[in-house]
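Excluded from the calculations below are hydrogen atoms, water molecules and symmetry mates; all remaining heavy atoms, backbone and side chain alike, are included.
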Amino acid sequence: ARNALLLRHAMLPAARRRARTMSEAGALFPWRTINGEEASAYYPAGTAQYHINADVAYALMKYVTATGDSDFMARHGAEILVETARLWLSLGFFKPSTGRFHINAVTGPDEYSAVVDDNFYTNVMAAANLAAAADALAELAAADPAAHARLVSELNVQPGEPAEWRHAAESMELPYDAERGIHLQDARW
């Protein structure tokens, strides 16, 4: 419970400030931190480590799945999932010619391929985060309509937002080489 409060009351406000600094919506969790604020100086490869958001969301989802702690999801988790989903929608875009959702200029967790387009790990994890945010709101609406209404009001969730997250998740570009039959690390290859 203490870690959840720290995440929501210290880390999340700092992540929201970081997203605004980077001209993005939602929340952007730091690559390196001591107090919740990004501790690294700006430089392209480090600043592009957006996958941290998906890592936070994944850990949150694993915790709730493992423990069944729906109270945590209602009180803290759904808010984090909403704000991280907003980041992905702000950062990425739908390519008109294909309808696919792309996330460009990111550094994947291996840090060797810096500032690339459609990093496979980042895109897979972002898709999971987007879907989880939509699912969390739907599940909260069914389980606790009052808590859902409160969260939607506090976060100013617009009626079409969850559908946009789900659409982005389902349309996520995942680089694939059909000739070799493998997914590529990113779109450069």
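A distance of 8.0 Å separates CG of N119 from OG1 of T107, quoted to the nearest 0.5 Å. I80 contributes atom CD1, which lies 5.5 Å from atom CG of L60 (distance to the nearest 0.5 angstrom). In this structure, H148 NE2 and E139 CD are separated by 11.0 Å, a value rounded to the nearest 0.5 Å. Atoms CE and CZ, on M11 and R18 in that order, are 12.0 Å from each other to the nearest 0.5 Å. Note that CE of M172 is 9.5 Å distant from OG1 of T122, once rounded to the nearest 0.5 Å. Interatomic distance, CG of L91 versus CE of M22, reported as 9.0 Å (0.5 Å rounding).
Using a 4.5 Å heavy-atom threshold, the side chains of V152 and L140 count as separate. Looking at L87 and F29, their side chains never come closer than 4.5 Å, going by heavy atoms from C-beta outward. Residues L12 and H76 are not in side-chain contact: their nearest non-hydrogen atoms beyond the backbone lie 4.5 Å or more apart. Contact annotation: the side chain of F120 approaches that of L174 to within less than 4.5 Å [non-hydrogen atoms, C-beta and beyond].
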*asked:* As a quick check of understanding, evaluate side chain to side chain contact (heavy atoms under 4.5 Å, CB included) for T67 and F72, giving each step before the final call.
replied: CA-CA 10 Å; T67 64; F72 171 81; over 6 Å; no
*After noting the C-alpha distance and the side-chain angles of R86 and V157, does the key distance pass the side chain to side chain contact (heavy atoms under 4.5 Å, CB included) rule?*
CA-CA 10 Å; R86 285 175 164 165; V157 176; 3.7 Å; yes
*Test N104 against F93 for side chain to side chain contact (heavy atoms under 4.5 Å, CB included), laying out the working first.*
CA-CA 9 Å; N104 289 345; F93 67 96; 3.3 Å; yes
*Kindly determine whether M125 and N53 satisfy side chain to side chain contact (heavy atoms under 4.5 Å, CB included), including the steps that lead there.*
CA-CA 9 Å; M125 295 291 281; N53 259 29; over 6 Å; no
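Closest heavy-atom contact between A48 and V115: CB-CG2, 4.3 Å. Across A105 and Y50, no two heavy atoms sit closer than the pair O-CE1, 4.3 Å. The shortest heavy-atom contact between D117 and D186 is O-CB, 3.5 Å. A pairwise comparison of heavy atoms in Q185 and D110 identifies NE2-OD2, 2.7 Å as the closest pair. A pairwise comparison of heavy atoms in I182 and Y176 identifies O-CD1, 3.3 Å as the closest pair. Between N123 and D118, the shortest heavy-atom contact is ND2-OD1, 3.0 Å.
With hydrogens and angles disregarded, no donor-acceptor distance shorter than 3.5 Å links the side chain of S171 to the backbone of A168. Panel note: side chain S153, backbone A149; no donor-acceptor pair is recorded below 3.5 Å. Using modelled atom types, no side-chain atom of S90 and backbone atom of E24 make a donor-acceptor pair closer than 3.5 Å.
V116 and I103 are members of different hydrophobic clusters when ILVMFWY side chains are connected at heavy-atom separations under 4.5 Å.
Within a 6.0 Å sphere centred on OH of Y58, other residues, nucleotides and ligands contribute 12 heavy atoms or fewer.
Taking the six-membered ring for Trp and thresholds of 30 and 60 degrees, F94 and F101 have ring planes more than 60 degrees apart, a perpendicular arrangement.
Using a 4.0 Å cut-off between a side-chain N of Lys or Arg and a carboxylate O of Asp or Glu, R16 and E79 qualify as a salt bridge.
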